S.K.: 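Structure in structure tokens, see below.
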Number of protein chains: 2
Amino acid sequence: MAGVDRSLVAGVPVFAGLAPEQIDQLLQEAQSVRYPKGTNVFQQDEEAHSFFILLHGHLRVFKLTPDGQQVVVRFVTPGEVFGVAMAIGRMTYPATAQAVVDSIALVWPSAAWPRLVATHPGLAVNTLQTVGSRLQDAHTRVVELSTEQVERRVAHALLRLAQRAGRKVEAGVEIDFPITRQDVAEMTGTTLHTVSRILTAWEAQGLVEGGRQRIMIRDPHKLFLLAEGSPS
Amino acid sequence: MAGVDRSLVAGVPVFAGLAPEQIDQLLQEAQSVRYPKGTNVFQQDEEAHSFFILLHGHLRVFKLTPDGQQVVVRFVTPGEVFGVAMAIGRMTYPATAQAVVDSIALVWPSAAWPRLVATHPGLAVNTLQTVGSRLQDAHTRVVELSTEQVERRVAHALLRLAQRAGRKVEAGVEIDFPITRQDVAEMTGTTLHTVSRILTAWEAQGLVEGGRQRIMIRDPHKLFLLAEGSPS
DNA sequence: GGCCATGTTTGCGCCGGGTCAAAGAGCGCC
DNA sequence: GGCGCTCTTTGACCCGGCGCAAACATGGCC
């Protein structure tokens, strides 16, 4: 589709090492689609018709358990590919992706994937690295859930959020999109009550600063020490 | 290296769709190496010099936390690739792989990977699917650790073990390699004490049968119901 | 065949954090 | 500009499962 400029995807890792003409060619097959805040880009168990690159906004990717609990898998930030279910051999999406703010993504039909990787071998190699680093992240979470207490898990989660979606402001680093205590609970395997108690305590120590759907880290270094288990 | 017959890797998914001549060509670059029980195939944080396919035996892959706790990432069974750190863009291994019984693996130098995928594009695609399915597994574990109680996590872990490494015997399905209560604890984020108590209780109900480094599932269906949360 | 190392069982006490309940606070919408 | 929904805070209670401790079983090895 016309109108998608190459500069939009200049720094996207999945396109690393591909020639400009190749990138243009890939972009021609994509559509740019808007997803208003609150809408789902795709839903768990739905047929994996498309794969995506986020251009603008933020997505919350979560799994729903049979008894209705949600577990946040990750947040997608601009420049990331997502919804690559087909590429990893799945017919359906393993989770739901929901826009937490108005978002825009490039959309390719999944059916085009085999042809695209055949034409651009670098694509499979780059995607392999992307999926690989997500595997690392997932294993890190497994280790944390298995061995750390709640407070340290929350600290780790916030530090990771700050790194990937932090905006530097005067007084510290602020998470760049609306995020609830419930979200943090669903990232760390605990309850919103416990998260609230922990954040309140940290706020009293000047470690973080809260607000409705807002978290700002005032002292990243101290939070890091806490995450690594140095006695409070 | 001579002496590695194609029939050894007939059903290995990573080679799916490759022509027999291509497979022969890949095998020529590999060495077959023995790893006696208890030895490490590679170690966490060590430079990722090689990648592997397990031909015979079983490996226990685990991560070591800074405070010395181990978390079992998975068990490798014959036919699986492992140690593909380089392919997913890491210079070092993220975990340790240890032979739980005498094992044999095919070994390629990591340095050969870029050339191999360039020559055999199907390799990257297949590896992507393999890594993708591991990502699924890891996310499943995150969901379980986040939302389920210990007993159900242990049930899920045993069912997965039985599926991937179960040997049918007269009275049920037996895990096909020596596995300790401690191992199960490290797979499920609990302690060996709790695992022991759970297994003892299940044994009293005729669900499983234990022994030193031995677990046999007598009633997979009942165990499945328990794993899915049906009231005991 | 007996010793020793490694793995397993079991009891007891305690506490991190989940559950239940209810009262505030901020924001969007009409 | 006020009403109501959503998000957050805080309290009180309680229990699953972890930590500690000690006895017991099993198989490998000399």
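Treat the numbers as computed from the prediction; the structure is a model and nothing was measured. To find a chain, count down the sequence lines: A is the first, B the second, and so on, and within it residues start at 1.
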S.K.: So, are A:Glu174 and A:Lys168 salt-bridged, with charged N and O less than 4.0 Å apart?
M.R.: no

S.K.: Nearest whole angstrom, please: distance from the C1' of D:dC7 to the CD1 of A:Ile215.
M.R.: 12 Å

S.K.: Flag the pair B:Ile88 / B:Val131 as yes when at least one side-chain heavy-atom distance between them is below 4.5 Å, and no otherwise.
M.R.: yes

S.K.: Within the sub-3.5 Å range, which N or O atoms of nucleotides 1-3 of chain D have a protein N or O partner, and how far apart are they?
M.R.:
none

S.K.: Among A:Ile198, A:Thr200, A:Leu192, A:Thr194, which one satisfies side-chain contact (heavy atoms from CB on, under 4.5 Å) with A:Ser196?
M.R.: A:Thr200

S.K.: Side chain of B:Arg197, base of C:dG11: donor and acceptor closer than 3.5 Å?
M.R.: yes

S.K.: Within less than 4.0 Å of OP1 or OP2 of C:dT6, is there a side-chain N or O belonging to B:Thr180?
M.R.: no

S.K.: Rounded off to whole Å, could you give me the CZ-to-P distance for the B:Arg181 and C:dT10 pair?
M.R.: 11 Å

S.K.: Between C1' on C:dG7 and CD on B:Glu186, what's the gap in Å once rounded to a whole number?
M.R.: 13 Å

S.K.: Taking all non-hydrogen atoms of both residues into account, name the closest pair between B:Ile217 and B:Ala162 and its distance.
M.R.: CD1-CB, 3.6 Å

S.K.: Let me spell it out: for each of A:Thr200 and B:Gly189, pick the nucleotide of DNA chain D with the closest heavy atom. Which residue's pick is nearer the 5' end?
M.R.: A:Thr200

S.K.: Could you tell me whether the side chain of A:His193 has a donor or acceptor atom within less than 3.5 Å of a complementary atom in the base of D:dT8?
M.R.: no

S.K.: Rounded to the Å, how far apart are A:Arg214 CZ and D:dT6 C1'?
M.R.: 17 Å

S.K.: Does B:Phe52 have its ring centroid less than 6.0 Å away from the ring centroid of B:Phe42?
M.R.: yes

S.K.: Taking atom CG of B:Leu145 and atom CD of A:Glu144, what is their separation to the nearest 0.5 Å?
M.R.: 11.5 Å

S.K.: Side chain of A:Leu192 only, heavy atoms from C-beta on: which candidate in D:dT8, C:dT8, C:dT9 is closest?
M.R.: D:dT8

S.K.: May I have the distance from A:Lys37 (atom NZ) to C:dC27 (atom P), rounded to whole angstrom?
M.R.: 12 Å

S.K.: From CG of B:Leu145 over to P of D:dG17, roughly how many Å is that when rounded to an integer?
M.R.: 13 Å

S.K.: Show your working on side chain to side chain contact (heavy atoms under 4.5 Å, CB included) between B:Phe82 and B:Arg74 and close with a plain yes or no.
M.R.: CA-CA 11 Å; B:Phe82 64 97; B:Arg74 65 185 181 117; 3.4 Å; yes

S.K.: Please determine whether side chain to side chain donor-acceptor pair (under 3.5 Å) holds for the pair B:Trp202 and B:Glu151, giving the CA-CA distance in whole Å, both sets of side-chain angles, and the decisive distance to 0.1 Å.
M.R.: CA-CA 10 Å; B:Trp202 286 351; B:Glu151 190 176 34; 3.1 Å; yes

S.K.: Kindly confirm or rule out a cation-pi arrangement of B:Arg90 over B:Tyr93, judged by NZ or CZ under 6.0 Å from the six-membered ring centre and within 45° of its axis?
M.R.: no

S.K.: To the nearest Å, give me how far apart CD (A:Gln149) and P (D:dG19) are.
M.R.: 9 Å

S.K.: Take the protein atom CD of B:Glu151 and the nucleotide atom P of D:dC18, then report the distance between them rounded to whole Å.
M.R.: 13 Å

S.K.: Pick out the pairs of N or O atoms, protein on one side and nucleotides 23-28 of chain D on the other, that lie under 3.5 Å.
M.R.:
unit_1	atom_1	unit_2	atom_2	d
D:dT26	O2	B:Arg212	NH1	3.2

S.K.: Does D:dC18 have OP1 or OP2 under 4.0 Å away from a side-chain N or O of B:Thr194?
M.R.: yes

